[in-house]
Amino acid sequence: MTTTTTRVLALLEILQGGGIHPVPDLAARLAVDERTVRRYVGHLLDLDVPVDAVRGRYGGYRLAPGYRMPPLMLTDEEALAVVLGLLAAQSAGLVTTSAAASESAAAKLRRVLPKPLARRLAALLETADVTARPRPGAAPETAVLLGLAEATHQQRPVALTYTDRKGRRTDRTVLPYGLVAHAGRWYLAGADPAAGGGDGDGDGEGAVRTFRLDRISALSVRSGSFVVPATFDPVTRVLTGLARTPWAHEVSVRVRADVPHVRRHLPADLATVSPVPAAAGTDDADPAERDGEPDGTPEADRDGWVRVRMRAERLDWIPPVLAALDRPFVIEHPAELRDLVRALARRLDACADQ
């Protein structure tokens, strides 16, 4: 597509935004002179696009009132961006329950595009593949995702029916703070007034919770409004909430490494990582640690250590991760993890001798 054609379409896009656009403003936005803008308007008129010239001090160009554009006019780059977006969303598992929506949208896109471009895009869809695969599990309802997006944007409370991971179904009112797409799932971070301010993140409006959208079966927007705390970060809240999911085992390990090194092996949705103070007598330490050297680590050497906390349904995957850290570590709890680490060490030692 030529530069002239691209700029004519860009002019059309500007005019579609409504209002009267002075020629100098159009020239600046299109990076051309005013004479070229008038020539582009002539091209649109040749295509039967009704562009009105408004005279006077505040004059300029506008689309004729009541005129509706054809359903889709895209440059090659814009069409490619849309198709790649559909492909990426489908491969990442971020589509809603209308599983065929991305395929039908791509088909409609190809039907209204110029044949040469449609043919090239079809070739891309038929030959391209991605390494990521959609995460198994249910997708959210389209109405739920869009309804929450609108309520979050307008800062309106929502009433929802939610089924937790244990199958318990409850009706609750939530203040939606933010939506997050993570690892093939959609999550809502919001304050639950009925739950109280248990975690201190609700700014007096209740505990901040993380909800999976595919577990929301009913949703309605309520009257009223709220204010999201200025320091609230939905992504951090969702990742922290996932790391704190109450699985069967609570694990605490001290590692002699910095936070970035640990994070390369244990992302934020799996574990929380925090520096260990040089003084051993921290409030969250085990009682035995407060007496000095429970693990052979002098208190003066506690600088450079971090505490890793995670919750897991099974422990068998944790020893290989600790080994991959390639740093000294001390298991605080549970005791069963020590046995699994010893067993892994024996297997590795046996393999090294073969």
Side-chain angles (χ1 to χ4, degrees), residues 135 137 164-168 182-183 185 187 195 198-201 207-212 215 236-352:
R135 186 172 184 171
D164 65 16
R165 64 187 182 88
K166 294 182 178 180
R168 295 175 299 199
H182 172 68
R185 288 196 176 113
Y187 295 90
D199 58 8
D201 293 334
V208 176
R209 306 294 190 193
T210 300
F211 303 91
R212 272 176 47 180
R215 292 175 175 169
T236 300
R237 183 60 186 84
V238 167
L239 294 179
T240 302
L242 293 174
R244 293 175 177 173
T245 301
W247 298 111
H249 302 280
E250 291 192 11
V251 178
S252 181
V253 179
R254 286 198 307 278
V255 182
R256 192 166 200 169
D258 55 28
V259 174
H261 179 82
V262 176
R263 276 281 174 247
R264 285 194 286 271
H265 299 270
L266 289 166
D269 59 339
L270 287 181
T272 61
V273 184
S274 57
V276 176
T282 56
D283 292 338
D284 54 358
D286 290 337
E289 296 181 49
R290 301 190 183 111
D291 294 331
E293 304 176 9
D295 48 36
T297 304
E299 292 182 17
D301 293 336
R302 293 285 177 105
D303 284 330
W305 290 75
V306 295
R307 176 170 282 111
V308 179
R309 285 195 173 96
M310 59 189 120
R311 297 179 181 182
E313 193 65 21
R314 298 178 5 253
L315 296 174
D316 54 352
W317 62 272
I318 298 179
V321 175
L322 295 177
L325 290 174
D326 194 24
R327 295 291 189 274
F329 63 86
V330 177
I331 297 172
E332 295 180 329
H333 60 79
E336 307 96 281
L337 183 57
R338 296 189 181 95
D339 296 333
L340 292 174
V341 169
R342 294 187 186 101
L344 175 63
R346 288 192 295 270
R347 292 196 301 272
L348 293 175
D349 184 63
C351 291

Handout entry: Arg212 (side chain) donor-acceptor with Arg185 (main chain) under 3.5 angstrom
Key = no
Would you give the length of the straight line joining atom [atom1] of [X] to atom [atom2] of [Y], rounded to the nearest 0.5 angstrom?
X	Y	atom1	atom2	result
Arg309	Glu250	CZ	CD	9.0 Å
His261	Arg263	NE2	CZ	13.0 Å
Arg346	Leu344	CZ	CG	10.0 Å
Ser274	Arg307	OG	CZ	6.5 Å
Trp317	Leu340	CH2	CG	12.0 Å
Arg215	Asp164	CZ	CG	7.0 Å

If you take all heavy atoms of [X] and [Y], which pair is closest and at what distance?
X	Y	value
Thr210	Gly241	OG1-CA, 4.3 Å
Met310	Leu270	CB-O, 3.2 Å
Trp247	Glu313	CE3-OE1, 3.0 Å
Leu315	Pro334	CD1-CG, 3.9 Å
Ala268	Ala243	O-CB, 3.4 Å
Val306	Val276	C-CG2, 3.5 Å

Exercise for the section: Give the intermediate values and the outcome of side-chain contact (heavy atoms from CB on, under 4.5 Å) for residues Leu337 and Val251. Expected result: CA-CA 8 Å; Leu337 183 57; Val251 178; 3.8 Å; yes
Practice task
Could you go through the side-chain contact (heavy atoms from CB on, under 4.5 Å) check for Phe329 and Val308 one step at a time?
Solution key: CA-CA 10 Å; Phe329 63 86; Val308 179; over 6 Å; no
Exercise for the section: May I ask you to test the Ile318-Val253 pair for a side-chain heavy-atom distance under 4.5 Å? Expected result: no
Handout entry: Residues that Arg342 engages under salt bridge (Lys or Arg N to Asp or Glu O under 4.0 Å), provided they are two or more places apart
Key = Asp339
Problem - Pairs involving residues 316-325, ordered by first then second residue, that meet salt bridge (Lys or Arg N to Asp or Glu O under 4.0 Å) (sequence neighbours left out) - result: Arg314-Asp316
In residues 321-328, what donor-acceptor pairs under 3.5 Å come from side-chain atoms, sequence neighbours left out?
none

